[in-house]
Amino acid sequence: MAKYKYIPKEVRMKITKKRIIIFSIVAILLTLLYVSFPYIQEWYKSSQPLTEINYFGVPMKFREDIRLAKNIPVYPNDDYIKSIFRNKDLKGITISILNTTNQTNIIGVEAVEITFKLSTFYNLAGLPIAIKGKEVSSFFQIQGNKTNPVIVIIPPIAANETVVRAENYTVIISGKNLKDLDLATIKFITIVLGI
């Protein structure tokens, strides 16, 4: 029986100027992709809607992109609203619910969101602040004070502007449509929570 003998063949590759250029371009592109990957990933995340945050270990979800809320005007300014709701004399908060429109369900959704997120904020701070709702037939039936500010939510049917406005311990949150009302509510919450 004849023995088979393996004879390795030489593999020769012709290296041309064209192949060197192609190899160099591919190597440069792969290096650039590797170096820029974290930036591309960060850009991708920033282009996605931000609707959930982790607030000191508590997950908070929002119906709209939090970043869009930064465009909602605030009067007189953020610091004034913070001073009302981060006041050491604060005992409670009242959310006025206008019962003369057919949009009380919309107001209720916003009121629940405010209640949950502010309650979380005050619980984390160790402050026993009571948040309650009160049905009113006029926005001016109740007035806020230093120990019990009032939040008035104006639904789209009655709103002529999208704004967060504070005056005399009363904060008005209004939106011309549902999305704007959501964004105004988010703006108010982010101000108080310091997001």
Side-chain angles (χ1 to χ4, degrees), residues 49-53 55 60-125 127 129-195:
L50 179 61
T51 58
E52 187 173 343
I53 62 164
Y55 189 74
M60 289 190 181
K61 292 186 178 184
F62 297 88
R63 287 184 303 283
E64 293 293 335
D65 188 346
I66 297 168
R67 291 178 289 228
L68 296 177
K70 72 179 178 183
N71 299 324
I72 302 297
V74 177
Y75 300 104
N77 56 46
D78 294 9
D79 292 334
Y80 182 71
I81 292 175
K82 280 183 192 175
S83 71
I84 294 172
F85 292 93
R86 292 182 171 202
N87 176 5
K88 61 182 172 90
D89 298 326
L90 191 65
K91 302 285 184 239
I93 298 170
T94 302
I95 300 175
S96 294
I97 299 170
L98 186 65
N99 61 12
T100 58
T101 71
N102 61 354
Q103 292 187 324
T104 53
N105 57 342
I106 294 167
I107 298 170
V109 168
E110 303 298 339
V112 166
E113 184 167 5
I114 291 169
T115 302
F116 169 72
K117 291 174 174 85
L118 291 188
S119 295
T120 300
F121 171 72
Y122 292 122
N123 284 336
L124 289 171
L127 299 171
I129 305 298
I131 302 174
K132 62 182 181 191
K134 182 175 182 179
E135 284 195 28
V136 295
S137 55
S138 167
F139 293 124
F140 306 105
Q141 277 185 321
I142 58 173
Q143 293 293 321
N145 58 51
K146 189 174 187 173
T147 60
N148 189 12
V150 174
I151 300 169
V152 178
I153 302 169
I154 301 177
I157 198 167
N160 59 2
E161 63 182 346
T162 300
V163 70
V164 177
R165 186 181 306 277
E167 186 178 331
N168 298 327
Y169 299 100
T170 301
V171 174
I172 296 172
I173 300 171
S174 67
K176 290 193 266 188
N177 56 50
L178 292 177
K179 181 176 181 175
D180 286 353
L181 184 59
D182 277 343
L183 291 173
T185 301
I186 292 169
K187 178 70 172 190
F188 168 74
I189 292 167
T190 57
I191 290 170
V192 176
L193 272 59
I195 297 173

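Computed from a prediction, not measured in an experiment: that's the story for all the values here.
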Minimal heavy-atom distance between Ala159 and Ser174, with the atoms involved, is CB-CB, 4.0 Å

N-O pairing of Lys187 and Glu64 below 4.0 Å: no

Ring pair (Phe, Tyr, Trp, His ring centres under 6.0 Å) with Tyr122: which residues, sequence neighbours excluded? none

Residues in salt bridge (charged side-chain N to carboxylate O under 4.0 Å, His left out) with Lys117, at least two apart? Glu113

For residues Leu118 and Ile151, report the shortest heavy-atom separation together with the two atoms involved. CD1-CD1, 4.3 Å

Under 4.5 Å between any side-chain heavy atoms of Leu90 and Leu127, yes or no? no

Exactly one candidate in Thr190, Val109, Ile114 meets side-chain contact (heavy atoms from CB on, under 4.5 Å) with Thr185; the answer is Ile114

For Arg86 against Gly194, the heavy-atom pair lying closest together: NH2-N, 3.4 Å

For Asp78, salt bridge (charged side-chain N to carboxylate O under 4.0 Å, His left out) partners two or more places apart: none

Suppose the criterion is ring-ring contact (aromatic ring centres under 6.0 Å, His included): which pairs have a residue in residues 167-186, not counting sequence neighbours? none

Answer yes or no: is there a donor N or O on one side and an acceptor on the other, between the side chain of Thr170 and the main chain of Val150, under 3.5 Å? no

Just wondering, are more than 12 heavy atoms of other shown residues or ligands nearer than 6.0 Å to CD in Glu161? yes

Partners meeting side chain to side chain donor-acceptor pair (under 3.5 Å) with Asn145 (sequence neighbours left out): Thr147

Heavy-atom closest pair, residues Ala184 and Thr162: CB-CG2, 4.4 Å

Closest approach of Leu181 to Ile154 (non-hydrogen atoms, all atoms of both residues): CD1-O, 3.6 Å

Please check if the number of heavy atoms outside Tyr80 that lie under 6.0 Å from its OH is greater than 12. yes

For Lys82, check side chain to side chain donor-acceptor pair (under 3.5 Å) against everything at least two apart and list the hits. none

Which label fits Tyr55 and Phe121: parallel for a plane angle under 30°, tilted from 30 to 60°, or perpendicular past 60°? tilted

With a 4.5 Å cut-off on side-chain heavy atoms, are Met60 and Ile189 touching? no

How long is the span from the NZ atom in Lys134 to the CD1 atom in Ile95, to the nearest 0.5 Å? 14.0 Å

I'd like to know if the side chain of Asn168 and the backbone of Gln143 have a donor-acceptor N/O pair within less than 3.5 Å. no

Might you point out which heavy atoms bring Ser96 and Ile107 nearest each other, and give the distance in Å? O-CG2, 4.3 Å

Under 4.5 Å between any side-chain heavy atoms of Ser119 and Ile131, yes or no? yes

Side chains of Thr51 and Lys61, heavy atoms from C-beta outward: is any pair under 4.5 Å? no

